[in-house]
Enquirer: 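For reference, the structure I am asking about is given below.
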Amino acid sequence: MSAKISLLLLFMFLALCSAFPGKRRQYTPCKHMVLYFHDVIYNGENAANATSALVAAPQGANLTKLADQFHFGDIAVFDDPITLDNNFHSKPVGRAQGFYIYDTKNTFTAWLGFTFVLNSTDHQGTITFAGADPILKKTRGISVTGGTGDFFMHRGIATISTDAYEGEVYYRLRVEINFYECW
């Protein structure tokens with residue numbers, strides 16, 4: 001009987017030990033990058049320079065005008081240049097390809113799913129991102145869900161900030177990438 005009580009006390013002790021986590025481990029990135037991507041949305045007049053376009057909108061057939069109420073319901077696809085600095089005319093090191101969905105009726109937010117396709121002398125491969133983008137916040141985090149090539153199986157967090165915008169036609173995002181799993 002005393003062996004059963006001892007065993008029961010041991011299990012209770014182990015359960016209590018795991019219920020109170022110790023000091024949180026600080027993670028350090030194994031790789032860090034800062035890149036910029038430039039989005040020029042098609043507005044019916046800028047076809048030569050546009051890098052993104054509405055593919056679904058509440059207005060139906062009018063895919064050149066963003067919806068009035070916080071752009072709710074608009075879906076855009078993009079193929080934007082990526083640069084190492086914030087100059088739109090700098091030599092691209094790759095493309096940002098994906099989509100964003102304006103998903104809230106009472107503020108500006110979007111859901112992003114995109115990939116950086118890098119093809120430069122420094123980096124070859126892709127980095128995939130997904131997550132919510134509360135656009136009005138100065139900085140916001142988005143998950144790095146994986147990669148290929150130089151970024152094979154990398155995961156981490158990207159801190160996005162709107163670096164510049166011109167009305168509803170152009171915006172530039174600064175993307176600071178911290179990889180916490182590097183293979």
Enquirer: Going only through I, L, V, M, F, W and Y residues with side-chain contacts under 4.5 Å, is there a path from Phe114 to Leu118?
Expert: yes
Enquirer: Compute whether any side-chain donor of one residue and acceptor of the other, for Asp79 and Thr51, lie under 3.5 angstrom apart.
Expert: no
Enquirer: Given the side-chain rings of Phe151 and His123, with only the six-membered ring counted for Trp, is the space between their centroids under 6.0 Å?
Expert: yes
Enquirer: Tell me the closest heavy-atom pair linking His89 and Asn87, and the distance in Å.
Expert: N-OD1, 2.8 Å
Enquirer: Could you list the donor-acceptor pairs under 3.5 angstrom formed between side-chain atoms of residues 125-137 and any protein atom two or more places apart in sequence or on another chain?
Expert:
{"residue": "Thr126", "atom": "OG1", "partner": "Thr148", "partner atom": "N", "Å": "3.4"}
{"residue": "Thr126", "atom": "OG1", "partner": "Thr148", "partner atom": "OG1", "Å": "2.7"}
{"residue": "Asp133", "atom": "OD1", "partner": "Arg140", "partner atom": "NE", "Å": "2.4"}

Enquirer: Please table the atom pairs, donor to acceptor, closer than 3.5 Å between any side-chain atom in residues 99-107 and protein atoms at least two apart or in another chain.
Expert:
{"residue": "Tyr100", "atom": "OH", "partner": "Asp39", "partner atom": "OD2", "Å": "3.2"}
{"residue": "Asp103", "atom": "OD1", "partner": "Thr109", "partner atom": "OG1", "Å": "2.7"}
{"residue": "Thr104", "atom": "OG1", "partner": "Thr109", "partner atom": "OG1", "Å": "2.5"}

Enquirer: Would you call the rings of His154 and Phe179 parallel, tilted or perpendicular if under 30° counts as parallel and over 60° as perpendicular?
Expert: perpendicular
Enquirer: Would you compute the distance between atom NE2 of His71 and atom CZ of Phe108 and round it to the nearest 0.5 angstrom?
Expert: 4.5 Å
Enquirer: Can you measure from CD1 (Ile142) to OG1 (Thr159) and round to the nearest 0.5 angstrom?
Expert: 10.5 Å
Enquirer: Tell me, with the steps shown, if Ile177 and Val34 meet side chain to side chain contact (heavy atoms under 4.5 Å, CB included).
Expert: CA-CA 6 Å; Ile177 307 165; Val34 175; over 6 Å; no
Enquirer: Tell me, yes or no, whether the heavy-atom count around Tyr180 atom OH, taken from other residues, nucleotides or ligands under 6.0 Å, exceeds 12.
Expert: yes
Enquirer: Check the pair Glu176 / His32 against side chain to side chain contact (heavy atoms under 4.5 Å, CB included), numbers first and verdict last.
Expert: CA-CA 7 Å; Glu176 181 177 353; His32 176 263; 2.9 Å; yes
Enquirer: Would a single hydrophobic cluster contain both Leu66 and Phe70, if residues Ile, Leu, Val, Met, Phe, Trp and Tyr are joined by side-chain heavy-atom contacts under 4.5 Å?
Expert: yes
Enquirer: Are Tyr165 and Leu173 connected in the hydrophobic side-chain network, where two residues link if heavy atoms are under 4.5 Å apart?
Expert: yes
Enquirer: Nearest 0.5 Å, please: how far is CD1 in Ile41 from CD in Glu166?
Expert: 14.0 Å
Enquirer: Find the distance between CE (Met33) and CG (Asn178) and round it off to the nearest 0.5 Å.
Expert: 11.0 Å
Enquirer: Please report the shortest heavy-atom distance between Asp85 and Ser90, naming the atom on each side.
Expert: OD1-OG, 2.5 Å
Enquirer: With a 3.5 Å distance limit and no angle check, can you tell me whether Asp150 reaches the backbone of Gln124 through a side-chain donor-acceptor pair?
Expert: yes
Enquirer: Answer with yes or no after comparing the ring centroid distance for Tyr36 and Phe88 against a 6.0 Å cut-off, counting only values under it.
Expert: no
Enquirer: So among Asn86, Asp163, Thr83, which one has a side-chain hydrogen bond (donor to acceptor under 3.5 Å, both in side chains) with His38?
Expert: Thr83
Enquirer: Rounded to the nearest 0.5 Å, what separates atom CZ in Arg95 from atom CD1 in Ile82?
Expert: 8.5 Å
Enquirer: Side-chain heavy atoms under 4.5 angstrom apart, residues restricted to Ile, Leu, Val, Met, Phe, Trp, Tyr: same cluster for Ile75 and Leu112?
Expert: no
Enquirer: If a pair satisfies disulfide bond (SG atoms under 2.5 Å apart) and one of its residues is in residues 128-183, list it, with sequence neighbours excluded.
Expert: Cys30-Cys182
Enquirer: Which heavy-atom pair separates Ala96 from Phe78 by the least distance, and what is that distance?
Expert: O-CD1, 3.2 Å
Enquirer: Nearest 0.5 Å, please: how far is OH in Tyr170 from OG in Ser52?
Expert: 11.5 Å
Enquirer: Among Lys138, Arg172, Arg174, find the one that has a side chain to side chain contact (heavy atoms under 4.5 Å, CB included) with Ser161.
Expert: Arg174
Enquirer: Taking Asn43's backbone N and O only, do any of them form a donor-acceptor pair with Asn46's side chain (distance below 3.5 Å, no angle check)?
Expert: yes
Enquirer: Checking Leu84 against Leu35 for the side chain to side chain contact (heavy atoms under 4.5 Å, CB included) test, could you report, in this order, the C-alpha distance in whole Å, the side-chain angles of both residues, the deciding distance, and whether it holds?
Expert: CA-CA 5 Å; Leu84 295 174; Leu35 299 168; 3.5 Å; yes
